[in-house]
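Counting starts at 1 for both ligands and their atoms, in listed order. Index from 1, following the sequence.
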Amino acid sequence: MLTLLELLKDGRFHSGQALGDALGVSRSAIWKQLQLLESELGLAVHKVRGRGYQLPSPIILLGAKEVSKHSSSLAWPVHVFDSIDSTSAEALRSIGRGCAAPFLVLAERQTDGRGRRGRKWVSPFAENVYYSLVLRVEGGMRQLEGLSLVVGLAVMNALRECGVPGAGLKWPNDVLVGQKKIAGILLELVGDPADVCHVVVGIGINVNMQSAEEVDQEWTSVRLESGKVLDRNQMIGRLNEILALYLERHRSGGFPAIQEEWEQGHLWQGRAVSLIAGANKIDGVVLGIDRQGALRLRVGGEEKVYSGGELSLRLRKEP
Ligand code: ATP
């Protein structure tokens with residue numbers, strides 16, 4: 001099926017005969033494979049009598065070599081999957097098999113992409129970036145403090161470089177354009193956080209996606225914002241380089257070295273918000289973050305600090 005896609009990825013018309021000849025199969029076998037492309041990968045294939053088959057637009061598939069070419073200063077091994085449950089689930093399995101970190105897991109699509117608290121990350125084929133980087137962390141808790149915020153900052157900067165100047169942050173680690181979500185980040189940890197552990201840095205970025213009815217909140221993509229189709233290999237290469245620089249700054253200076261820059265990128269500084277913690281809701285105004293990356297809110301005239309993985313921010317009307 002993917003060999004057929006290799007032939008169609010240029011976005012031009014190909015006759016059933018030419019495709020059959022190239023793959024050494026009959027036209028009816030091509031027809032069956034085209035139907036699989038549609039049903040299994042969700043790709044729309046245009047069929048025009050007398051001309052053949054065509055994808056709605058050209059596709060650039062992911063390639064480990066292409067990604068490495070665009071991040072030549074790094075020697076992270078890259079594993080690319082056509083389809084996987086979740087890049088982070090695969091990364092965790094690889095850690096279990098003893099794969100040496102750092103390494104990167106990428107996929108063309110995820111069948112069970114995940115967000116926080118069991119939520120789903122919509123992950124159609126060949127449109128976006130589904131990225132899990134595995135790091136070995138030896139420095140104890142200090143090396144983990146604020147790490148997910150640092151990743152958000154790196155993703156925001158990669159997006160700004162790739163033609164989305166309005167990309168900004170929402171505490172703790174969403175990347176938005178205005179109120180629309182363009183990227184999500186999920187860190188998972190295995191091992192002893194006080195000693196040696198592995199962190200899986202999961203990142204989903206909407207790159208060329210133009211429609212996704214399953215996403216149940218406002219969202220956008222690089223293509224929708226910039227009007228341009230992006231080569232995801234190039235974008236991942238840049239993300240690798242930017243992320244590596246931020247990780248090094250965080251490793252050597254801790255989160256305080258990055259705190260101010262993070263606040264500059266925070267879209268909701270000074271805004272009236274509700275902080276949702278399970279069934280509880282706390283209304284306040286965002287003051288910023290502290291030296292560990294915890295949220296500082298003014299609540300009823302007092303400053304309060306909040307941290308933890310189960311917290312969500314929502315904007316509320318100014319009082
Ligand atoms: P928070 O609790 O921080 O407000 P959230 O509701 O955005 O976060 P996450 O766990 O960060 O939740 O992300 C999962 C949610 O993101 C899903 O429940 C869905 O609403 C949305 N979502 C899923 N896929 C995508 C996508 N490809 N692009 C944008 N948003 C998505």
Side-chain angles (χ1 to χ4, degrees), residues 41-42 83-89 106-132 146-149 151-153 155-156 158-159 162 164 166-188 200-226 230 232 235-236 239 262 265-268 271-284 286 289 293-295 297 306-316:
L41 302 183
S83 178
I84 195 99
D85 50 353
S86 130
T87 54
S88 287
L106 302 171
E108 293 289 7
R109 75 159 180 166
Q110 300 183 111
T111 54
D112 193 17
R114 47 207 207 198
R116 299 201 298 161
R117 280 166 272 158
R119 286 183 290 220
K120 297 264 175 266
W121 189 257
V122 174
S123 309
F125 185 84
E127 297 196 353
N128 299 326
V129 165
Y130 316 117
Y131 173 115
S132 293
L147 186 58
S148 70
L149 280 75
V151 173
L153 193 56
V155 171
M156 180 196 85
L159 281 163
C162 291
V164 188
L169 300 162
K170 175 191 134 189
W171 188 89
N173 52 11
D174 278 347
V175 187
L176 308 179
V177 181
Q179 297 240 47
K180 299 177 183 168
K181 189 152 164 154
I182 192 164
I185 291 155
L186 181 71
L187 264 57
E188 294 175 70
V200 178
V201 176
I203 300 174
I205 306 178
N206 296 335
V207 183
N208 295 321
M209 187 161 82
Q210 288 185 288
S211 65
E213 278 147 29
E214 318 90 280
V215 180
D216 57 3
Q217 62 172 290
E218 282 195 277
W219 65 273
T220 188
S221 68
V222 177
R223 184 170 182 181
L224 290 173
E225 293 300 317
S226 68
L230 214 69
R232 292 167 301 145
M235 174 158 201
I236 293 166
L239 173 63
W262 194 93
H266 194 203
L267 293 169
W268 291 8
R271 301 293 300 270
V273 295
S274 296
L275 182 68
I276 318 286
N280 297 326
K281 184 164 87 73
I282 300 148
D283 287 346
V286 177
I289 52 169
L295 181 72
L297 279 189
Y306 301 91
S307 64
E310 300 299 305
L311 304 173
S312 294
L313 272 189
R314 299 285 176 263
L315 277 184
R316 81 188 148 86

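Closest non-hydrogen pair, A212 versus V122, comes out as CB-CG1, 4.5 Å.
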Step-by-step side chain to side chain contact (heavy atoms under 4.5 Å, CB included) determination, I205 to L239:
CA-CA 11 Å; I205 306 178; L239 173 63; 4.1 Å; yes
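Classification of D112 and R114 as a salt-bridged pair fails, no side-chain N sitting under 4.0 Å from a carboxylate O.
E310 meets the salt bridge (charged side-chain N to carboxylate O under 4.0 Å, His left out) test with R117; sequence neighbours excluded.
A donor and an acceptor atom, one from each side chain of S123 and R109, are nowhere located under 3.5 Å apart.
The 4.0 Å heavy-atom shell around ligand 1 contains residues G115, R116, R117, R119, K120, W121, V122, K170, D174, K181, N206, M209, V215, D216, Q217, W219, S312, R314, ordered by chain and number.
Taking OG of S86 as the start and CD of Q110 as the end, the distance is 5.0 Å to the nearest 0.5 Å.
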